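In what follows, a single structure is set out as C-alpha cells and then discussed.
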Amino acid sequence: MSRIYLSAPHLGTNEERFVQEAFSTNWVSTVGPNIEAFERSFSELMGGLPCVALSSGTAAIHLGLKLLGVGADDDVICSTLTFAASANPIVYQNARPVFVDSDRASWNLDPDLLAETLEQRARRGKLPKAVVVVHLYGQSADLDRIEAACQRYDVPILEDAAEALGTHYHGEQVGKRAPLSMFSFNGNKIITTSGGGMLVTRERAWADKARFWSTQSREPVAWYEHRDIGFNYRMSNVLAGIGRGQLEVLEERVAARRANAFRYREAFADLAGIELMPQAPYGRHTNWLSVFLLDEVAFGATRDDLLSALAAEDIEARPVWKPLHAQPVFASCERVGGGVAEDLFARGICLPSSSNMTAEEQSRVIEVVRRVARNARSASSVGGTEGAWTASVS
Ligand SMILES: *Cc1c(COP(=O)(O)O)cnc(C)c1O
C-alpha cells in the first residue's frame, strides 16, 4: 500500500505542452508568452483586474505590503490562525504584526474583534497601516463586515487568498474587492506551478510597479540603472506554462476537493465528536483541505491519537495551523484574543485532501478514523460500565 499524501500536485493534460513550448521557443527565463498568457487568463478569473505572476505567494504579500506603504514601525493586523508566510513579509518591511483571533463561524478573522481593535486604536491614534485578511483552507472570511470595519478608519486590506483560488464570497471569486490580494501556486495548493504566486491589484500603476520591483527595479535604459531597491521575484516562463494548464482544470479541482470533504462528512455522520469545519453560508468553501474538529470526550480519542493512528498506516494528516501569536518567533508581538485559534489548533485535523486521491485511498483514511472511534467506544464500555463488560464475556 502506498503513502497517502495530505495535498499532492495534480497535473492536467496541457501543462506539459505549454512547458514544451517554452523549451522549443527558448523562452525559459522570466519573460515570454506563458507568463503573459497566464497573467491574462488569471485576470479573466479576477474580473479583469491586473495580475502579476511572481516566484511565490510570499513574494506577492511582500510586494503588496510595500505597495501599501508599510514600513518601519508600522503596525499591520493579521489573522492569527494562518501559515507564517501571511505575516513574515510584515517583518521583512520592518513593521510589526498584530495578531487577531478567528471567529467560530468561519475560522477566519473575527469581524467584531477587528472592529473593536480598530476603534480602540483610533482612539489611541495608533491605527494599523494595513490588515492582512486570510481566507483559510478555501473558506472566505466575512468580507462585508471586515470591509465595513476597515473603511470606517480608512485602513486598506490585503487579502491573503493563497489557499482560496476557486473560493467564492456571495458568488464571486475572492481577491477582487480589496486594493490588493494574492494567491499561491505552491505544490500543495489547489493548483500549482511547482512554486509561484500571483499579485492582484485594483490599480494598473501598482501592477506595473510590482512588476518593476520584481525584476530588480531596473530602469528602462540601455545600462543598468537603479533608483530603487529591487527584488528577484518574477515567475519563470517555464513555470507559467504549468500554471496555464492548471488554470484550465481549476473548476474540476474545486469539485474534487469539495467531494472529498463531503464524502468524509457523510462517512463520519454517525460518529460523535468529529465535525467538518463550518461551511459559511455566504460563499463557496473549496475545502482545499478537509479539516475536521474533534471533541475528544465524545469522539473518545484525542487529535494526536488520531494523527498517530493515521501515521501508522502511512497516511499523512496534520494539525490545523498553529496560531502565529503562539509561535516562538512572534512571541513579542501584540495579539488580540487568541483563545478560539488555540482551541482550533488543539482539536483540528487536516485529512488527506488531494484532488487526485482515489476512492480506495479515501476509504483507507475513513476506515482508520472509524476504527479509532470504534476502539475508543469499546474501551470506554469496558472500563466504564461493568455490566456491559460482564454481559459480553458471559
Ligand atoms: C501557502 C501560503 C502562503 C505562501 O505562499 P507561497 O507560495 O508558499 O510563498 C501564504 N499564506 C497562506 C495562508 C498560505 O497557505
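If you read the sequence from its start, that first residue is 1, and numbering goes on from there. Counting starts at 1 for both ligands and their atoms, in listed order. What you see is a predicted model, and the numbers here were worked out from it, not measured in a lab.
The distance from ligand 1 to the heavy atoms of G196 drops below 4.0 Å at these ligand atoms: 7 (O). Every atom of ligand 1 is numbered from 1 in the order shown, and the set under 4.0 Å from a heavy atom of S184 is 1 (C), 5 (O), 6 (P), 7 (O), 8 (O). Ligand 1 places these atoms under 4.0 Å from at least one heavy atom of A85: 3 (C), 4 (C), 10 (C). Those atoms of ligand 1 that come under 4.0 Å of a heavy atom in T82, given as number and element, are 13 (C). Here is the list of ligand 1 atoms found below 4.0 Å of a heavy atom in N186: 8 (O).
With respect to atom 9 (O) of ligand 1, the closest heavy atom belonging to the protein is T58 OG1, 2.5 Å. Summary of contacts: the protein heavy atom closest to atom 3 (C) of ligand 1 is A162 CB, 3.7 Å. Of the protein's heavy atoms, D160 OD2, 2.8 Å lies nearest to atom 11 (N) of ligand 1. Protein heavy atom nearest atom 1 (C) of ligand 1, with residue, atom name and distance: K189 NZ, 1.7 Å.
A255 is linked by a side chain to side chain contact (heavy atoms under 4.5 Å, CB included) to nothing, counting only residues two or more places apart in sequence or in another chain. Checked against side-chain hydrogen bond (donor to acceptor under 3.5 Å, both in side chains), N26 has no partners two or more places apart in sequence or in another chain.
A donor-acceptor pair shorter than 3.5 Å can be found between the side chains of E248 and N14. Using modelled atom types, one finds a donor on one side chain and an acceptor on the other under 3.5 Å when comparing R263 with S363.
A cation-pi contact, defined as under 6.0 Å to the ring centre and within 45° of the axis, is absent between R347 and F345. Judged by the 6.0 Å and 45° rule, R244 forms no cation-pi pair with F38.
Heavy-atom separations between S86 and ligand 1 include at least one value shorter than 4.0 Å. Residue contact check for ligand 1: A59 places no non-hydrogen atom closer than 4.0 Å to it.
Side-chain heavy atoms closer than 4.5 Å link hydrophobic residues (I, L, V, M, F, W, Y) into clusters, and following such links, even through other members, never connects V320 to I315.
Distances between N or O atoms of G57 and those of ligand 1 include at least one value under 3.5 Å.
Between R121 and E334 a salt bridge is recorded (basic side-chain N to carboxylate O distance below 4.0 Å).
Of the candidates H135, H62, E163, E163 brings a heavy atom nearest to atom 15 (O) of ligand 1.
Residues F292 and F299 place their aromatic rings such that the two centres sit no closer than 6.0 Å.
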